[in-house]
Amino acid sequence: MAFFTQICRGFSTSCARNIVIKHVTIIGGGQMGAGIAQVAASTGHTVTLVDTSEDILKKSVKGIEGSLRRVVKKKFADKPEAGEEFVQKVLKNVATSSDAKEAVQSTDLVLEAIVENLKVKQDLFSALDKIAPEHTLFASNTSSLPITDIASSTTRLDRFGGLHFFNPVPMMKLVEVIGTSSTSQEAFDSLLNFSKALGKTPVSCKDTPGFIVNRLLVPYMMEAIRLHERGHGSKEDIDIAMKLGAGYPMGPFELLDYVGLDTAKFIMDGWSAMDPGNPLFGQSELLNKLVAEGKFGKKSGEGFYKYK
């Protein structure tokens, strides 16, 4: 309580009231950004989806519409007219823009879902910080970069947090809500409440590498690779063992191929640089070799396994 009071004294304007998020501006029209936009629009929020070109945005909206139609096919199986009405209602809640600065001038939340590059994220938020309203919260969907480092490019440290969604967003119920040492309790609560309003289950996380899920999951996958590298198990047997013995829906090598070997390597490289003495963040020669050969997993047609 003392911590919250101290923050409020320093930022009296932003701590004056709870921020109810009604309008959200999502930067990045890729799979994650479009998925978040779909869920937000489906739960009655007004959404502006931002990307660099109209072609990308048209593809994003088309993807959202396709995903919605798959949802209504099951949800409104006996009421096709009601299903079509739902699709059109949701799509009306989504606007698009290729001008991020214009899009954030009247919004409650700016949520970034772009490339995992610290400098790019910092440059984006630094520019938007000068334009967005005083009450506007900023959040990043990063899965591996420190929220504190991203927020440092802005003047609204008390109104900056993390909202880490999981892919595919419409299906996955979890949202990791990350607060830094500077995030006000009011802002953090607003992000928690927003996650609940989306129909998700939020968990509170500290600003540590990988937060909760990836902090446990990525070292687990890397240890599976090291186990295989030591000759202590084939990738097939390790996958079967973890599915049948631990109840995992996918084995670690199947999951690595699904996530992307390049993504896994990027995360580990970043964590290793931050904490070079941590054995959990050690490199894998096999992973490095596959990535160097362009074998990224499902998206490239080959990773630990081959895909048609």
Taking only Lys NZ, Arg NE, NH1 and NH2, and the carboxylate oxygens of Asp or Glu, determine whether [X] and [Y] approach each other closer than 4.0 Å.
X: K119; Y: D123; value: yes
X: E54; Y: K58; value: no
X: R230; Y: E223; value: yes
X: K289; Y: E293; value: yes

Stepwise side-chain contact (heavy atoms from CB on, under 4.5 Å) test for L287 and V291: CA-CA 6 Å; L287 179 64; V291 171; 4.3 Å; yes
How close do [X] and [Y] get, heavy atom to heavy atom, and via which atoms?
X: V177; Y: P202; answer: CG2-CB, 3.8 Å
X: V213; Y: E176; answer: N-OE2, 2.8 Å
X: F281; Y: S272; answer: O-CB, 3.4 Å
X: P252; Y: I238; answer: CG-CG2, 3.7 Å
X: A127; Y: K101; answer: CB-CE, 4.1 Å
X: G44; Y: N93; answer: CA-ND2, 4.1 Å

Does the Lys NZ or Arg CZ of K235 fall within the cation-pi geometry relative to Y305 - under 6.0 Å from the ring centre and within 45° of the axis?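 Checked: cation-pi criterion met.
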State whether F86 and K75 meet the cation-pi test: NZ (Lys) or CZ (Arg) under 6.0 Å from the six-membered ring centroid, and within 45° of the perpendicular axis.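 Relative to the ring axis of F86, which defines the angle, K75 lies inside both limits.
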Say whether [X] and [Y] are linked into one hydrophobic cluster, either directly or through other cluster members, by side-chain heavy-atom distances under 4.5 angstrom.
X: L91; Y: V169; value: yes
X: V259; Y: F211; value: no
X: V110; Y: F160; value: yes
X: V71; Y: V61; value: no
X: L111; Y: I147; value: no

Any side-chain heavy atom of [X] sitting closer than 4.5 Å to one from [Y]?
X: V175; Y: V203; answer: no
X: Q105; Y: I131; answer: yes
X: F266; Y: N117; answer: no
X: I36; Y: V24; answer: no
X: L68; Y: Q38; answer: yes
X: W271; Y: V218; answer: yes
X: S42; Y: V90; answer: yes
X: T52; Y: I56; answer: yes

In Å and rounded to the nearest 0.5 Å, what is the [atom1] to [atom2] distance from [X] to [Y]?
X: E84; Y: K79; atom1: CD; atom2: NZ; result: 16.0 Å
X: N167; Y: Q31; atom1: CG; atom2: CD; result: 4.0 Å
X: L145; Y: S140; atom1: CG; atom2: OG; result: 7.0 Å
X: E65; Y: S60; atom1: CD; atom2: OG; result: 13.0 Å
X: L174; Y: K200; atom1: CG; atom2: NZ; result: 9.5 Å

Take I19 and N193 through the side-chain contact (heavy atoms from CB on, under 4.5 Å) test and state the conclusion after the steps. CA-CA 10 Å; I19 300 166; N193 291 334; over 6 Å; no
Answer with yes or no whether the side chains of [Y] and [X] bring together a donor and an acceptor at under 3.5 Å.
X: N214; Y: Y220; answer: no
X: Y248; Y: D239; answer: no
X: E116; Y: S144; answer: yes
X: D207; Y: T180; answer: no
X: D129; Y: T155; answer: yes

So does [Y] get a backbone contact from the side chain of [X], meaning a donor-acceptor N/O pair under 3.5 Å?
X: T107; Y: V104; answer: no
X: R159; Y: E134; answer: yes
X: E112; Y: I114; answer: yes
X: K121; Y: A113; answer: no
X: E229; Y: L286; answer: yes
X: D237; Y: G233; answer: no
X: Q122; Y: S152; answer: no
X: E102; Y: D99; answer: no
X: R226; Y: G282; answer: yes
X: K130; Y: S126; answer: yes

Should the pair [X] and [Y] be assigned to parallel (<30°), tilted (30 to 60°) or perpendicular (>60°) ring geometry?
X: F138; Y: F125; result: tilted
X: H45; Y: F194; result: perpendicular
X: H164; Y: F166; result: tilted

Tell me whether [X] at atom [atom1] has more than 12 heavy atoms from other residues, nucleotides or ligands lying less than 6.0 Å away.
X: K299; atom1: NZ; result: yes
X: E236; atom1: CD; result: yes
X: M250; atom1: CE; result: yes
X: Q88; atom1: CD; result: yes

What verdict does the side-chain contact (heavy atoms from CB on, under 4.5 Å) test give for K243 and E254, after you've listed the backbone C-alpha separation in whole Å, the side-chain angles of each residue and the deciding distance to 0.1 Å? CA-CA 10 Å; K243 286 189 289 185; E254 293 173 320; 3.2 Å; yes
For the rings on F304 and H228, is their centre-to-centre separation under 6.0 Å?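 Between F304 and H228, the centre distance exceeds or equals 6.0 Å.
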After noting the C-alpha distance and the side-chain angles of T48 and S97, does the key distance pass the side-chain contact (heavy atoms from CB on, under 4.5 Å) rule? CA-CA 7 Å; T48 300; S97 175; 4.2 Å; yes
Out of L128, V50, L49, V47, which one pairs with T25 under the side chain to side chain contact (heavy atoms under 4.5 Å, CB included) rule?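 Result: among L128, V50, L49, V47, V50 is the only option passing the side chain to side chain contact (heavy atoms under 4.5 Å, CB included) with T25.
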Before giving the answer on salt bridge (Lys or Arg N to Asp or Glu O under 4.0 Å), spell out for K89 and E85 the whole-Å C-alpha distance, their side-chain angles and the decisive distance to 0.1 Å. CA-CA 6 Å; K89 183 179 179 180; E85 184 179 341; over 6 Å; no
Identify the residue among D262, T263, D269 that makes a side-chain hydrogen bond (donor to acceptor under 3.5 Å, both in side chains) with K265.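 Testing each of D262, T263, D269 against K265, the sole residue satisfying side-chain hydrogen bond (donor to acceptor under 3.5 Å, both in side chains) is D269.
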